[in-house]
Amino acid sequence: MNRTDPPPPQHKRLARPDPAGDQQRAERRFTGIPVSAGIAIGPVFGVTEPDAIVTHQKIAASDIAAESARLDAAIAQSRKQLAKLKARLAILPEESQEELEPLLDAYMRMLGPSRLLRGVRQRIQDMLVTAETAVVAESEALAEAIMAQANGDDQAGLQRRADEIHEIGKRLVRNLTRSPFRSFAGLPSGAILISESLRPADAALLDPSRLAGVATEEGGADGHTAVMLRALGVPAVLGAPGLAHSMKPGDVAVVDGLSGVVTLNPDPATVAAARRGVTAFARERQKYARLRRLPAETQDGELVELQANFELPIELPLIVQSGAVGIGLLRTEFMFMNRETIPDEGTQTESYRTIVEAMHGDPVSIRVLDWGGEKEIEALSAAGIVPEAADPNPALGLRGIRLLLRRQELFETQLAAILRAATAGPVRVILPMVTTVQEVRAARETFERVARRLRRRGERLPEKLPPLGIMIETPGAALSADALALEADFFAIGTNDLTAYTLAVDRAETDLAELYDPTHPAVLRLVQFAAEAALRLRMPVSICGELAANPKVTPLLLGLGVRSFSMNAAAVPRVKQVVRTVEIDECVRLARRVMEQSDPETIRSMLTSFGRPAE
Ligand code: PEP
Ligand code: MG
């Protein structure tokens, strides 16, 4: 598209509507998915509609059609978002539904044949400006025109209409610009962040030392946002319908990351109960901290490897304190997120080396970039490495190893950085989203070629190349595990994507969260099949999906022969405690019984009752 900036560029910020501040608001409860344990009490900080900064941009007359098409796509996306929010209102109490439904209806009407949209189209056409420029200008003009009618009596009603126009304008601009990343600069210390949705890249920007808790309307139990929040150790509830739209500035909230309940304006009894919960949680943490130095060893002397997953550098101290023996899954997406350009070999080398050194000789399994699905990375789109247009089915598209094999430069740069960092301590390399043996062979060729090139360049590398393993996170990989085991040096079973692909449920989806079940017999059978393929060859196999962090499932996984687990740092002591109380024989018996079941409910109850004395 041929766009020209008129000098000087004008920066416009969409005005934030001035919400009516009720004084005494009644307590209201919202239920979502608990994704990160802990209880938080604090003032709310709403990031429902981040301010979009729009540069006034002109277009050429020949671009009018393309710009109108962009507008149409943003309108369709906005309608879809609102329809989704509306569908989920049904589970809210009646008074909340009565409050929110007319609002969402008003938004929907504005996204139909409205004065607002007619004006926006007209501006694109007549003034030759981009769709976002037109939306900003038209929504401001319209809101001003509405407020100009104020004659005293109807002030509140007119203000509401003007606010609605601003809100819909902001949603359109957000969908048009796919606003890069949010700024949490204004987040007051001790606040609870509430938003409609939070992308993984947004979550990566949060500072857990300032933030008390997080609650959103969208998101699923094992989506990457949930993974990030657990990594940060911030109490969090995702997927609580109506929450962000009911909150008002000045509200206080309690987020219970254990039960999944978020309470707005808690009454004194709720606050007192929450305070007791905070104390109990802190005590439990202290109890677990004592396990840190004890070995992860079963009652009958079997040693188990418990490692940590790594998402963000901020986690390093937590990992060190958790008692984890190394990093079993280093998700390198953090290196590429929330930055304008792709990090070069030197920058990546330094980052990986710092992490490897911090592990003091414990192994670090570095997974090469796993782009795709819900993991959006602006720097890659900006560099033209990934397609700019949204993939209609991102979970099934160009992702993980598929992208890396097609973008050799990106792949080689990262492998070179990992190889150089491997002189600082034991390193292993993991390939994501593998589905065929050819992918492993091709990746190994690249790996060896990069090593040869580095040696020619005079770089110091470990004498023996680091092991090259693969994620088993698609049913295709699990079912061809016997063939893949002949190509890979180790398996890391990723139960998050494996569950999503096996059960055909998006891991970040709120509405189908009850169907996302990593202990579904189909998932467990794939885990068993893959683990056995590795064990037959005496090849290392670990589990690094969120299932590894669930202490209820630890005995089953031990019974299936798995002896290596990688999980968020906070989960290490809880899992260790279970490891230290079981015997392998009883785990094997449990696994035999569980693997005969076909009903997920029966499996859940078997896992829950294991180890408990019969009543
Ligand atoms: C998985 O899919 O289980 C996994 C560990 O990878 P990620 O969560 O990063 O997709
Ligand atoms: Mg995965």
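Read the numbers this way: they start at 1 and go in the same order the structure lists the ligands and their atoms.
For Glu333, no heavy-atom contact with ligand 1 is shorter than 4.0 Å.
A donor-acceptor contact closer than 3.5 angstrom is absent between the side chains of Gln307 and Ser566. Counted by atom type alone, Gln414 and Thr332 present one or more donor-acceptor pairs between their side chains at under 3.5 Å.
In summary, the atoms of ligand 1 found under 4.0 Å from a heavy atom of Leu329, numbered by their order in the structure, are 5 (C). Each of the atoms 2 (O), 7 (P), 8 (O), 10 (O) of ligand 1 lies under 4.0 Å from some heavy atom of Arg507.
When hydrogens are left out, the protein atom nearest atom 4 (C) of ligand 1 is Met471 CE, 3.6 Å; that is the closest non-hydrogen contact. Ranking protein heavy atoms by distance to atom 6 (O) of ligand 1, first place goes to Arg367 NH1, 3.0 Å.
Phe610 meets the ring-ring contact (aromatic ring centres under 6.0 Å, His included) test with no other residue; sequence neighbours excluded. Not a single side chain to side chain donor-acceptor pair (under 3.5 Å) links Asp482 to another residue, sequence neighbours left out.
Looking at Met567, Glu546, Arg331 and measuring to atom 5 (C) of ligand 1, the nearest heavy atom belongs to Arg331. Considering each of Thr499, Asp222, Asn496, the one bringing a non-hydrogen atom nearest atom 1 (C) of ligand 1 is Asn496.
The salt bridge (charged side-chain N to carboxylate O under 4.0 Å, His left out) pairs that include a residue from residues 434-447 are Arg441-Glu487, Arg444-Asp489, where partners are two or more places apart or lie in different chains.
At a threshold of 4.0 Å, the pair Glu311-Arg230 does not count as salt-bridged, since none of the basic side-chain nitrogens sits closer than that to a carboxylate oxygen.
Within the sub-2.8 Å shell of the Mg ion (ligand 2), the protein contributes these N/O/S atoms: Glu473 OE1, Asp497 OD2.
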